[in-house]
2 protein chains.
Amino acid sequence: MNKTQVQTIADIARLAGVSKSTVSRALNDSPLIGDETKVRIRQIAKDNNFQINVPARRLSMKKSSTIAFVTHAFHKDFSVADLFTLEILSGITSTLYQNRYDLLMANVDPFDTEWPYQYLSTGRADGFILMTSTRKQLHIRTLVEMEAPFIAWGVPNPKYNYCTVTGDNFNGGRLATEHLLGIGRKRIAFMGGPAMELEVQHRYDGYEHALREAGFDPDPHLVLYGEFCSESGTALMNQFLDQASDLDAVFANSDLMAIAAMKILQSRGRRIPDDVAVVGYDNLSITEESHPPLTTVSQNIRTSGIMLAKNLLQYLETGVVINVSVPVDLVIRESA
Amino acid sequence: MNKTQVQTIADIARLAGVSKSTVSRALNDSPLIGDETKVRIRQIAKDNNFQINVPARRLSMKKSSTIAFVTHAFHKDFSVADLFTLEILSGITSTLYQNRYDLLMANVDPFDTEWPYQYLSTGRADGFILMTSTRKQLHIRTLVEMEAPFIAWGVPNPKYNYCTVTGDNFNGGRLATEHLLGIGRKRIAFMGGPAMELEVQHRYDGYEHALREAGFDPDPHLVLYGEFCSESGTALMNQFLDQASDLDAVFANSDLMAIAAMKILQSRGRRIPDDVAVVGYDNLSITEESHPPLTTVSQNIRTSGIMLAKNLLQYLETGVVINVSVPVDLVIRESA
DNA sequence: CTGAAAGCGCTTACAG
DNA sequence: CTGAAAGCGCTTACAG
C-alpha cells in the first residue's frame with residue numbers, strides 16, 4: 001500500500017541520525033528535546049508519511065485510548081427510539097476524535113454482567129459510555145462495584161457515586177407546561193414514561209410546579225405513566241380520553257408517545273392543536289415530519305454527546321466524579 | 001478492579017507449570033498441544049478469570065482484528081436519512097462480534113483523502129466498511145488506488161474492482177411498479193434519486209420493465225430526478241402535479257421523499273391512496289408512523305449489514321472480490 | 001508434544 | 001538535551 005519503507009520510529013531514527021528515544025520524544029512533543037531537533041525529526045516523519053503503530057504504543061503505555069459505547073440499541077427489537085442513540089453519537093465521536101481517542105461499538109447482552117471485563121481487562125477500552133436502557137441499574141451497579149470508569153446518560157442513582165450527563169428534566173416539564181398554559185390550556189394531561197424513572201419524576205415536578213404557579217392543582221385523572229414507546233402513547237391516550245374527555249392539552253414524555261397520541265386524538269375526532277394541543281419530548285428528527293409537526297422539548301442531544309465524551313475523559317484523568325445536566329429548550333412547531 | 005494478580009500468560013504458565021509458549025498455544029487451540037494439557041490450562045485460565053491483553057496480541061500478530069465503519073452521517077447536517085445507517089449497524093456489529101472483530105466508528109471529513117492511512121498504517125483497523133454518501137466515488141477511488149481492503153454499500157462502479165453489497169434495485173423498481181399496476185393505477189410517476197446514481201437507474205429499469213410488461217410506454221412527464229431527502233420529495237411532487245396532474249400513483253426512491261410527497265398531495269387535496277397511491281423505498285422504521293402508513297420496498301437492511309461484515313472478512317482472508325445484491329420485498333401498508 | 005528465545009514497535013526510567 | 005537498554009504481553013519459528 002504505502003510503498004515507502006519508512007514504517008517505524010527506528011527508520012526515522014536512522015534517517016535523522018538520532019536514537020529511537022529521541023524520535024519518540026520528538027513525536028510526542030517532549031520538552032526534553034531541543035526545538036530544532038524536534039522540528040527536523042517531525043519534518044522527516046511527515047515527508048515519509050510516517051504513521052505510528054498504535055497497538056505498540058498502547059501496549060507500551062498500558063492505555064488503549066479508546067472508549068466503548070455500550071448499547072443494546074442494535075441488538076434486537078430495533079425501534080425508532082434508537083434515533084436518540086444515533087444522534088448522540090455525533091457529539092461523542094467528534095469530541096473523542098479531537099482528544100485522539102477511538103470509539104468502539106459495544107453491543108452487549110442486556111442480561112450479561114461479564115462484558116466489562118471483555119473490554120477493560122483485555123486492554124480494548126479505557127472506559128465506557130453507557131447508553132443502554134434495558135436493565136440499566138443492573139449495569140450501573142456492576143460497573144460501580146468493579147470500579148470500572150464509565151459515564152452514563154440519565155439522572156444519577158443516589159445510591160452510587162458515578163459520572164452522569166442528563167437533560168434538565170425539571171425545566172423540561174416546566175417549559176412544556178408553561179407553554180401550554182400560555183396558549184390558554186387549562187386541562188393539561190401528563191403522559192409519563194415509567195413512573196419509577198427519576199427523569200420522569202423530575203418532569204412531573206416541573207409540570208406540577210408550572211401548574212401551581214398558574215394557580216391550578218394537579219388533577220390525578222390527568223396523570224398516567226407508561227413506557228416511552230408508541231404503543232404506550234396509544235394506550236395512554238385512549239385511557240385519557242376515556243377518563244378525562246375534557247382535556248385540552250397533552251404533555252407527552254417522548255416524541256414517540258406524542259406522535260402516537262396525536263394519531264389517536266385525530267382518529268377520535270379531535271383537531272390538533274385547536275381542540276387538543278400536544279407537546280413531546282426529545283426533538284428527534286422525525287418530529288418535523290409528523291402530522292402536524294410536533295412542538296417538543298429539545299434535549300440538545302449533540303451537546304449531551306459532547307459532555308458525555310468530555311467528562312468521561314476528564315474523569316479518566318482526574319478521578320473526580322462529575323454530574324451535569326444539559327439545558328433544554330422548547331421547540332415550537334404546529335402541534336401546540 | 002480485578003483483584004486477582006493473574007493478568008498475563010506468564011502467570012498462567014507458572015500456575016500450570018508449563019511455558020508461556022504452551023499457554024499461548026493452548027489458549028489459541030493449537031493442534032500442537034495435547035488434549036489434557038489444553039483442557040487443564042484453559043481451566044486454570046477460566047478459574048482465574050484471565051483476559052488476554054489485546055494490544056499485545058495485535059502487535060505480535062500485526063493484525064488489529066478491527067474494522068472501521070466509515071460514515072459522514074454524524075458529521076453535520078444530520079438527517080433522518082441516517083436511520084438507514086443506524087439500522088445497518090445492527091447486522092454489522094453482531095457479525096463482527098461473532099468473528100471476534102471489533103468495530104471502530106470512523107467519522108471522516110468528506111473531502112479528506114488521507115484518512116485511510118490514519119487507520120491502516122497505524123494498525124488501528126484492518127479494513128473499512130464504507131457507508132458514506134458524500135463524495136463516495138472519490139473515496140472509492142482513493143481506497144482502490146491505495147489497495148486498501150474495504151467493502152462499500154451500493155452498486156459497484158464498473159471502472160474498479162472492489163467488494164460491494166447492494167439492494168436488488170431492479171427488482172425493487174419492478175415490485176413497486178407491479179404492485180401499483182396491480183391495484184389498477186395507470187399513470188405512475190417515477191420520483192427518482194440522483195439520475196447519475198446506478199441504483200437509481202436500476203430502479204428506473206425495473207419501473208420501465210414492469211410498465212412495458214403491462215403494455216404501457218413510460219411517459220417522460222412522469223419521470224423526475226432529485227435527491228433522496230424530504231426537501232427534494234416536496235419539490236418534485238409539486239412539479240409532478242403541475243406537469244402531470246392526472247397521475248394516480250407515485251413511486252418514490254426513498255421513504256423520506258415519499259413521506260414529503262404525501263404531505264404535498266394531501267395539502268393539494270388528493271386523498272391517499274384513493275386518488276394517488278404512494279410507494280416508498282427503504283422501509284425505515286418511520287414508515288409505520290407516517291400518515292397514512294407507507295407501503296414501501298424493504299431493503300432487508302439487517303441482512304445487508306450481515307453481508308457487509310461477512311464478505312469483508314472473507315475478502316481479508318482470501319483476497320477474492322465479492323459483489324452481492326440483497327433481495328428486496330414489498331411491504332404493503334396503507335398508502336398503496 | 002513442549003520450551004527457550006527472538007521479535008512485534010513503541011515508551012521511559014536511568015545514566016550521562 | 002540525548003542514547004542504550006529494559007520492558008509492555010503476546011506469538012511463533014526453531015530446536016528438541
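Residue numbering restarts at 1 for every chain, and letters A, B, ... go by the order of the sequence lines. Atom set for the values below is all heavy atoms of this structure, side chains included, hydrogens, waters and symmetry mates excluded.
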Contacts of Arg57(B) that satisfy salt bridge (Lys or Arg N to Asp or Glu O under 4.0 Å) - sequence neighbours left out: none
Check the side chains of Gln43(A) and Asp47(A) for a donor-acceptor pair under 3.5 angstrom, ignoring hydrogens and angles. yes
With sequence neighbours excluded, residues passing side chain to side chain contact (heavy atoms under 4.5 Å, CB included) with Asn53(A): Pro55(A), Ala56(A), Leu59(B)
Would you mind classifying the nucleic acid contact of Ile33(B) as base, sugar-phosphate or nothing, using non-hydrogen atoms under 4.0 angstrom? sugar-phosphate
Quick one: ring-ring contact (aromatic ring centres under 6.0 Å, His included) partners of Phe150(B), sequence neighbours excluded? Tyr162(B)
Intra- and inter-strand pairs of DNA chain D in dot-bracket (Watson-Crick or G-U wobble, both distances under 3.5 Å; | for another strand): |||.||||||||.|||
Excluding sequence neighbours, so at least two apart, what forms side-chain hydrogen bond (donor to acceptor under 3.5 Å, both in side chains) with Lys63(A)? Tyr101(A)
Check salt bridge (Lys or Arg N to Asp or Glu O under 4.0 Å) between Lys310(A) and all other residues, then give those that pass, not counting sequence neighbours. none
For DNA chain C, which nucleotides open and close the run of contacts to chain B, 5' to 3', at under 4.0 angstrom from a non-hydrogen atom? dC1(C) to dG9(C)
Under the side chain to side chain contact (heavy atoms under 4.5 Å, CB included) test, which residues partner Ala125(A), sequence neighbours left out? Thr66(A), Ala68(A), Tyr119(A)
Does Ala10(A) or Thr37(B) map to a spot on DNA chain C nearer the 5' end, using the closest nucleotide for each? Thr37(B)
Taking only residues two or more places apart in sequence, or in another chain, which ones meet Arg25(B) in a salt bridge (Lys or Arg N to Asp or Glu O under 4.0 Å)? none
Starting at the 5' end of DNA chain C and moving along, which residue's nearest nucleotide shows up first, Pro31(B) or Ser60(B)? Pro31(B)
Using the C1' atom as the point on both nucleotides, what is the distance between dG16(D) and dT12(D), in whole Å? 16 Å
Does Ala13(A) have any side chain to side chain contact (heavy atoms under 4.5 Å, CB included) partners at least two apart in sequence or in another chain, and if so, which? Lys20(A), Val23(A)
Those residues that, when tested against Asp29(B), pass salt bridge (Lys or Arg N to Asp or Glu O under 4.0 Å) (two or more places apart): Lys38(B), Arg42(B)
Do any of residues 17-26 of chain B sit with a heavy atom less than 4.0 Å from DNA chain D, and if so which? Lys20(B), Ser21(B), Ser24(B), Arg25(B)
